[in-house]
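Each chain gets a letter, A, B and so on, in the order the sequences are listed, and its residues count up from 1. Every value quoted in this text rests on a predicted model; they were computed, and no experiment measured them.
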Number of protein chains: 2
Amino acid sequence: MFIGNYANTMDEKGRVNIPAVFRDALRKDYDDERMVITRDIRDACLRMYPMHEWQSFLEALKKIPSSNPTLRRIQRRVVSSAIECMADKQGRVLLPISLREHAQLSKTVQFAGSSNTVEIWDEKLWQHEIEDDAIDPDMLEQLGI
Amino acid sequence: MFIGNYANTMDEKGRVNIPAVFRDALRKDYDDERMVITRDIRDACLRMYPMHEWQSFLEALKKIPSSNPTLRRIQRRVVSSAIECMADKQGRVLLPISLREHAQLSKTVQFAGSSNTVEIWDEKLWQHEIEDDAIDPDMLEQLGI
DNA sequence: CTTAGTTACCCACATTTACCCACTATGGCG
DNA sequence: CGCCATAGTGGGTAAATGTGGGTAACTAAG
């Protein structure tokens, strides 16, 4: 399970440290340190999938008829820009420029656990995202939480 | 079951002692000392979930379609700010700065039992919360209590 | 084959966190 | 009233984590 958010800095080479708790989660929960990082479908951030979750995602895509134009977009934007990687001995991964640009990553990078995946945001966009504009209580009621 | 409220002091490192009765409740009622602490959805306080209750909460979230924008807000604010932890040998946990800030915790911290979770308030906000501005009797009537 | 650019790996340092020990305060009980 | 057990608090230290930079291996283009 990936929970919590952690800020790490990306160096000029484009390397960022994956927070240790998330690396632990990969090892303990999935028994596989491989991960896939790619553009998020909905937002201006990246998303890290443990290999197993990525496979499930691909399976879900396979169920969509290939005539569906949205599917083809997702294929191109998400699948085609994905990288498979593992953290190096220092716990870091190298993010290719294309991914960095998509998420507008500059220096400080936010890793945000999202139960079975991890979101990767530029600090500024992240701050904006979690700003305290109240969540509608009726909506919460409706969702049963 | 968590009931009652207890004040403990947070030190400069951000450590606070979890009241012993609540630690006992974790051990006895849940047989699992792990807990998750995160921002409360509604109020300016933190909320401590026994691991089991947290899992239930996540299950409830999974039932909501991920296209729902409120869900994604909750994911980011609640799931992404959560920490999984256990009390150390002295019975304390370390609260990260982001959580301390959200609940405006300074020195004295109030732990308030709330049946299956525990609320964590800054003393001042807590005082304000339990002030005697009357509860509307009609509302009570309506709620059947 | 050579060379420039990129990537992977290694070492060293700074910072943070987890863990341990010791002391104080409080409440129950004889 | 004093003793003991438990709860809570403060601080020191070793280990873990994160960061910066250097060098060797690799890749791709000329």
Side-chain angles (χ1 to χ4, degrees), chain A residues 2-28 33-38 46 48 81-101 105-113 118 120-123 126, chain B residues 2-28 33-37 48 81-101 105-113 118 120-123 126:
Chain A
F2 303 105
I3 59 174
N5 80 92
Y6 305 88
N8 283 343
T9 64
M10 184 173 66
D11 63 21
E12 314 90 58
K13 295 180 182 176
R15 297 177 300 182
V16 261
N17 201 305
I18 304 286
V21 277
F22 292 162
R23 278 177 289 156
D24 288 349
L26 281 174
R27 237 182 303 111
K28 290 178 186 163
E33 299 186 41
R34 291 176 304 160
M35 59 188 117
V36 170
I37 301 176
T38 188
L46 305 181
M48 185 276 269
S81 38
I83 56 160
E84 178 191 333
C85 58
M86 266 180 64
D88 66 16
K89 254 190 183 171
Q90 280 71 249
R92 293 180 286 197
V93 295
L94 177 73
L95 297 175
I97 298 180
S98 58
L99 289 181
R100 275 183 257 167
E101 281 176 353
L105 304 183
S106 54
K107 192 162 172 59
T108 305
V109 174
Q110 281 284 345
F111 289 82
V118 175
I120 305 174
W121 289 83
D122 180 69
E123 183 185 35
W126 172 253
Chain B
F2 304 106
I3 56 172
N5 79 93
Y6 305 88
N8 282 342
T9 66
M10 183 173 67
D11 65 21
E12 314 91 58
K13 293 181 182 176
R15 297 177 300 184
V16 261
N17 202 304
I18 304 287
V21 276
F22 293 162
R23 276 178 286 151
D24 288 348
L26 281 175
R27 238 182 302 111
K28 290 177 185 163
E33 298 186 43
R34 291 177 305 160
M35 59 188 118
V36 170
I37 301 177
M48 185 276 270
S81 322
I83 55 161
E84 179 190 332
C85 57
M86 267 179 65
D88 66 16
K89 253 190 183 172
Q90 281 70 251
R92 293 178 288 195
V93 295
L94 176 73
L95 297 176
I97 299 181
S98 57
L99 289 182
R100 276 182 256 166
E101 282 176 352
L105 304 183
S106 54
K107 193 161 172 58
T108 307
V109 173
Q110 280 285 343
F111 290 82
V118 175
I120 305 174
W121 288 84
D122 180 69
E123 183 185 36
W126 173 252

### Task
Write down the distance between CG (Asp11(B)) and P (dG12(D)), rounded to a whole number of angstrom.
12 Å
### N/O (side chain, Arg15(A)) to phosphate O (OP1/OP2, dC10(C)) under 4.0 Å
no
### Task
Output yes when at least one side-chain N/O atom of Arg23(A) is less than 4.0 Å from OP1 or OP2 of dG18(D), else no.
yes
### Base of dG20(D) paired with side chain of Lys107(A) (donor-acceptor, under 3.5 Å)
no
### Query
What's the CZ-P distance between Arg92(B) and dT6(D), to the nearest Å?
19 Å
### Task
For the pair Arg34(A) (side chain) and Glu84(A) (backbone), establish whether a donor and an acceptor sit closer than 3.5 Å, ignoring hydrogens and angles.
no
### Message
Can you give me the closest heavy-atom contact between Asp122(B) and Thr108(B), atom names plus distance?
### Response
OD1-O, 3.7 Å
### Task
Could you tell me the separation between the NZ atom of Lys13(B) and the C1' atom of dT17(C), rounded to a whole number of Å?
9 Å
### Query
What nucleic acid atoms does Glu12(B) come within less than 4.0 Å of, heavy atoms only: base, sugar-phosphate, or nothing?
sugar-phosphate
### Query
Ignoring hydrogens and angles, are the base of dG18(D) and the side chain of Lys89(A) linked by a donor-acceptor pair under 3.5 Å?
no
#### Entry: Protein-nucleotide distance (Phe22(A), atom CZ; dT17(D), atom C1'), rounded to Å
14 Å
#### Entry: Nearest-Å distance for atom pair CZ/C1', residues Phe111(B) and dA7(D)
13 Å
### Task
Dump the intermediate steps for side-chain contact (heavy atoms from CB on, under 4.5 Å) on Asn5(B) and Trp121(B), then the final yes or no.
CA-CA 10 Å; Asn5(B) 79 93; Trp121(B) 288 84; over 6 Å; no
### Task
Indicate, with a heavy-atom threshold strictly under 4.0 Å, whether Asn8(A) touches base, sugar-phosphate, or nothing.
sugar-phosphate
### Task
Starting from P on dA15(D), measure out to CG on Leu94(B) and report it in whole angstrom.
20 Å
## Note on the structure
Side-chain atoms of Ala20(B) come closest, of dC11(C), dG8(D), dA18(C), to dG8(D)
### Message
Applying a 4.0 Å non-hydrogen cut-off, can you work out what Asp88(B) is touching in the nucleic acid: base, sugar-phosphate, or nothing?
### Response
nothing
#### Entry: Ile37(B) and Cys85(B), any side-chain heavy atoms less than 4.5 Å apart
yes
### Query
Whole Å only: how far is the CE atom of Met86(A) from the C1' atom of dA8(C)?
13 Å
### Query
Roughly, in whole Å, what's the span from CG in Asn17(B) to P in dA7(D)?
9 Å
#### Entry: Worked check of side-chain contact (heavy atoms from CB on, under 4.5 Å) between Leu46(A) and Leu105(A)
CA-CA 10 Å; Leu46(A) 305 181; Leu105(A) 304 183; 4.1 Å; yes
